[in-house]
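As structure tokens, the structure follows; a few thoughts come after it.
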Amino acid sequence: MRPLNGTTPREAPGHRKGPSGGMAPRVYQRSKRPARRDPAPSRLAFKLERLWLTPAVRAFTRIGLPLVLIVAGLGVWLGDPGRRAELVAQVQDVKDAIEHRPEFMVKLLKIEGASPEVAHAVRAMLPVGLPASSFDIDLDAYRDTIRRLDAVADARLVIRPGGVLEADVTERVPAILWRQPAGLEMLDASGHRVATLISRDARPDLPVISGMGADKAVPEALEIIADAGPILPRLRGLERLGERRWDMVLDHDQRIMLPETDPVAALDRILALNTAEDLLARDFTVIDFRNKDRPTIRLSDNALAEFRRVQSDILKARATQ
């Protein structure tokens, strides 16, 4: 039988003719196929594949290992002191170049709301000389330094466009004078010191207080002074006694002793008596209202002598009747 394609099949090696001279039956041999590879992975490959699927290993391989290599390289490079010093110098040069650009320079200090004396002190407290970089001026520290001035209640600092540092200063307003052995101190309405006064004539418009602890009771003293309208022209000042109560010092060496609690109400009662009986026009030295239920009047020596003379005349007149 012949193949359909008309080609003669390849004879197997050792093919011989038959004894009758004819062709022996043809024997065909199959070609050897290569051995099939086992698709199952080896143990090592299986373990490596499982290890690679672990999230921690994948993260370390993708992120941690590059970082370790980079840090190790930087560590080796920065291990040289010369390289480190050169790097620090380059960074500092870049920083200085940026900080000292014209748009960051402060050329002028503008002070508003301050008296000439306070403005001079504020300028003297500036920590750097102008012109200077705005990065070299610590505004918070400078503001705290200004607020330490006794005459300053508050300060606000703003760097305006054009290199102008604007200081808006709010000064304390003197409300009263506190007389001490060392001199006169001006205090504001809260009792905070404003400045030292050399002479009383410099501020004759301010009332005077004295005594230890008087500065801690300035609000109460101002209430008493505000309530003493009718006798205000005669008022010379208030004296703090025992750090707990006030005495009103009037002209002609007269004194009104107010109670420790609610002195304004006691003063209102004294003013009412003065309106009804002209109490303050009498010749007295002290009106004692420390006990509001039992007020007393201490007469002067002349008034007491006159009172005794009148009593004596009355007694003599009664005796002769």
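Hydrogens, waters and symmetry mates are skipped; everything else that's a heavy atom, side chains included, is used. As the structure is a prediction and not an experimental result, all values here were calculated from the model.
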Within a radius of less than 6.0 Å around CZ of F46, do more than 12 heavy atoms belonging to other residues, nucleotides or ligands occur?
-> no

Between R255 (side chain) and V249 (backbone), is there a donor-acceptor pair under 3.5 Å?
-> no

Do side-chain atoms of H120 reach the backbone of P116 as a donor and acceptor pair under 3.5 angstrom?
-> no

Please name the pair of heavy atoms, one in L108 and one in L130, separated by the smallest distance, quoted to 0.1 Å.
-> C-CD1, 3.8 Å

Beyond-backbone contact of M248 with L258, side-chain heavy atoms, under 4.5 angstrom = yes

Exam field: side chain W246 to backbone A214, donor-acceptor pair closer than 3.5 Å | no

Is it true that R245 and D247 have a side-chain N and a carboxylate O under 4.0 angstrom from each other?
-> yes

Verify, without hydrogens or angle tests, whether T54 (side chain) and A56 (backbone) share a donor-acceptor contact under 3.5 angstrom.
-> no

Does atom CG of L69 have more than 12 heavy-atom neighbours from other groups under 6.0 Å away?
-> yes

From D93 CG over to K95 NZ, what is the distance, rounded to the nearest 0.5 angstrom?
-> 12.0 Å

Nearest heavy atoms of L271 and P230, plus distance in Å | CD1-CD, 4.2 Å

Pair T196-E185, side-chain donor/acceptor within less than 3.5 Å | yes

With hydrophobic residues grouped by side-chain heavy-atom distances under 4.5 Å, do I224 and L187 end up in a single group?
-> yes

Atom CZ in F104, atom CG in D136: separation rounded to 0.5 Å?
-> 12.5 Å

Between L157 and I111, is there a shared hydrophobic cluster once you connect ILVMFWY residues whose side-chain heavy atoms come closer than 4.5 Å?
-> yes

NZ of K107: more than 12 outside heavy atoms within 6.0 angstrom?
-> yes

side-chain contact (heavy atoms from CB on, under 4.5 Å) between E171 and S115, intermediate numbers included | CA-CA 8 Å; E171 290 193 21; S115 61; 3.1 Å; yes

Flag side-chain contact, heavy atom, 4.5 Å: I297 against D288 = no

V152, V173: one ILVMFWY side-chain cluster at the under-4.5 Å cut-off?
-> no

Show the numbers, then the answer: is there a side-chain hydrogen bond (donor to acceptor under 3.5 Å, both in side chains) between E99 and S133?
-> CA-CA 6 Å; E99 291 181 353; S133 173; 4.9 Å; no

Contact check, side chains of T145 and V122, non-hydrogen atoms, under 4.5 Å | no

Interatomic spacing from CZ in R179 to CG in L238 - rounded to 0.5 Å = 13.0 Å

Beyond-backbone contact of F135 with V106, side-chain heavy atoms, under 4.5 angstrom | no

Steps toward side-chain contact (heavy atoms from CB on, under 4.5 Å) verdict (I256, I270) | CA-CA 9 Å; I256 300 175; I270 293 172; 3.3 Å; yes

Closest non-hydrogen atoms of A175 and P207, given as atom of the first, atom of the second and distance, are O-CD, 3.7 Å

For the pair N274 (side chain) and L280 (backbone), establish whether a donor and an acceptor sit closer than 3.5 Å, ignoring hydrogens and angles.
-> yes

Looking only at non-hydrogen atoms, find the nearest pair between R236 and V208 and report the distance.
-> O-CB, 4.2 Å

Count the heavy atoms belonging to other residues, nucleotides or ligands that lie under 6.0 Å from CZ of R298, then report whether that count exceeds 12.
-> no

N-O pairing of K47 and E49 below 4.0 Å | no

CD/Q254 to CG/D283 distance, rounded to the nearest 0.5 angstrom?
-> 7.0 Å

Is M212 atom CE crowded by more than 12 heavy atoms from other residues, nucleotides or ligands, each under 6.0 Å away?
-> no

Taking the side chain as every heavy atom from C-beta outward, state whether F289 and L267 have any pair of such atoms under 4.5 Å apart.
-> no

Output, in order, the C-alpha distance, side-chain angles, deciding distance and verdict of side-chain contact (heavy atoms from CB on, under 4.5 Å) for L139 and L165.
-> CA-CA 10 Å; L139 294 182; L165 174 58; 3.9 Å; yes

Are I209 and L197 joined in one hydrophobic group, where the rule is that I, L, V, M, F, W and Y side chains link up if heavy atoms are under 4.5 Å apart?
-> no

Would you find a donor on one side and an acceptor on the other, under 3.5 Å apart, between the side chain of R172 and the backbone of D150?
-> yes

State the CG-CD distance between L87 and Q92, to the nearest 0.5 angstrom.
-> 11.5 Å

Mind listing the closest non-hydrogen atom pair of V218 and A189 along with its distance?
-> CG1-O, 3.7 Å

So do the side chains of R193 and M186 get within less than 4.5 Å of each other, counting heavy atoms only?
-> no

Salt-bridge present (E112, R156; N to O < 4.0 Å) | no

Take atom CG of D253 as the centre, draw a 6.0 Å sphere, and report whether it contains more than 12 heavy atoms from other residues, nucleotides or ligands.
-> no

Between E260 and R290, is there a side-chain N and carboxylate O pair less than 4.0 Å apart?
-> no

Is any side-chain heavy atom of P174 closer than 4.5 Å to a side-chain heavy atom of R203?
-> yes

Can R58 and T61 be said to form a side-chain contact (heavy atoms from CB on, under 4.5 Å), step by step?
-> CA-CA 5 Å; R58 294 173 69 92; T61 305; 5.8 Å; no

Report yes if the side chains of H252 and R234 come closer than 4.5 Å at any heavy-atom pair, otherwise no.
-> yes

Short side-chain to backbone donor-acceptor contact, R84 and W77, under 3.5 Å | no

Minimum-distance pair of heavy atoms, taken over all atoms of E103 and R101 = OE2-NE, 2.6 Å

Got a second to check how far L206's CG is from R200's CZ, nearest 0.5 Å?
-> 7.0 Å

Any link between Y142 and I159 through a network of hydrophobic side chains (Ile, Leu, Val, Met, Phe, Trp, Tyr) touching at under 4.5 Å?
-> yes

